[in-house]
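Worksheet: one structure, shown below.
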Amino acid sequence: MASSVAIKRDSRSMNSCVFIGNLNTLMVKKSHVEAIFSKYGKIVNCSVHKGFAFVQYVNERNAQVAVAGQDGRMIAGQVLDINLAAEPKVNRRKAVVNDLQQRYTAPLLT
């Protein structure tokens with residue numbers, strides 16, 4: 001069972017923290033979130049707020065696997081928007097685009 005202590009905000013802790021957006025908190029409670037996300041690793045903290053939640057794991061790898069496994073999943077009639085708390089999706093998209101541009105842009109001939 002996760003503790004009720006607030007999510008830590010240092011960079012190491014944030015890398016092991018998952019943000020769960022678009023969460024139907026009228027139907028989905030903390031116990032549900034813990035049950036769904038505990039299969040990815042030990043949860044050290046879970047906090048549920050109106051429309052979103054945070055789950056903190058013991059390490060970054062558990063958080064990354066949880067994001068990969070749950071992003072886009074539909075729960076209680078809503079598609080979840082899940083990402084690492086330290087890495088908003090806007091920045092992830094830019095990083096992916098930059099990476100693709102670097103990989104697939106032909107070098108300039110001079």
Between Gly72 and Val79, the two heavy atoms sitting closest are O-CG1, 3.3 Å
*Taking side chain as C-beta onward, heavy atoms only, is Asp71 less than 4.5 Å from Asn83?*
no
Shortest non-hydrogen pair, Ala35 vs Ser38, comes out as O-OG, 3.3 Å
task = Can you label the angle between the Phe52 ring and the His49 ring as parallel, tilted or perpendicular, going by 30° and 60°?
result = parallel
Here the pair of heavy atoms bringing Tyr57 nearest to Val44 is O-CG2, 3.8 Å
When rounded to the nearest 0.5 Å, the distance separating CG of Asn62 from SG of Cys17 is 12.5 Å
Value for OG (Ser16) from CG (Leu84), rounded to nearest 0.5 Å, stands at 9.0 Å
Taken to the nearest 0.5 Å, the spacing of Gln78 CD from Asp81 CG works out to 11.5 Å
Paired with Thr25, the side-chain contact (heavy atoms from CB on, under 4.5 Å) test is passed by just one of Ile20, Val48, Val33, namely Val48
request  = Please check if the distance between the ring centroids of Phe54 and Phe19 is under 6.0 Å.
outcome  = yes
Tell me if the NZ atom of Lys29 is crowded by more than 12 foreign heavy atoms within 6.0 Å. yes
- Item | Derivation and outcome, side chain to side chain contact (heavy atoms under 4.5 Å, CB included), residues Lys39 and Gln70 | CA-CA 11 Å; Lys39 70 180 180 180; Gln70 294 295 316; 3.8 Å; yes
Joining Ile, Leu, Val, Met, Phe, Trp and Tyr whenever any side-chain heavy atoms lie under 4.5 Å apart, the cluster holding Leu26 also takes in none
Between the NZ atom in Lys50 and the CG atom in Asn24, the distance rounded to the nearest 0.5 Å is 11.5 Å
Given the rule in the side chain to side chain contact (heavy atoms under 4.5 Å, CB included) test, do Val28 and Ile75 qualify, once you have shown the distances and angles that lead to the verdict? CA-CA 8 Å; Val28 180; Ile75 296 179; 3.7 Å; yes
Distance col, row Arg73:CZ vs Ile82:CD1, nearest 0.5 angstrom, shows 8.5 Å
Nearest heavy-atom contact between Glu34 and Ile43 is O-CD1, 3.8 Å
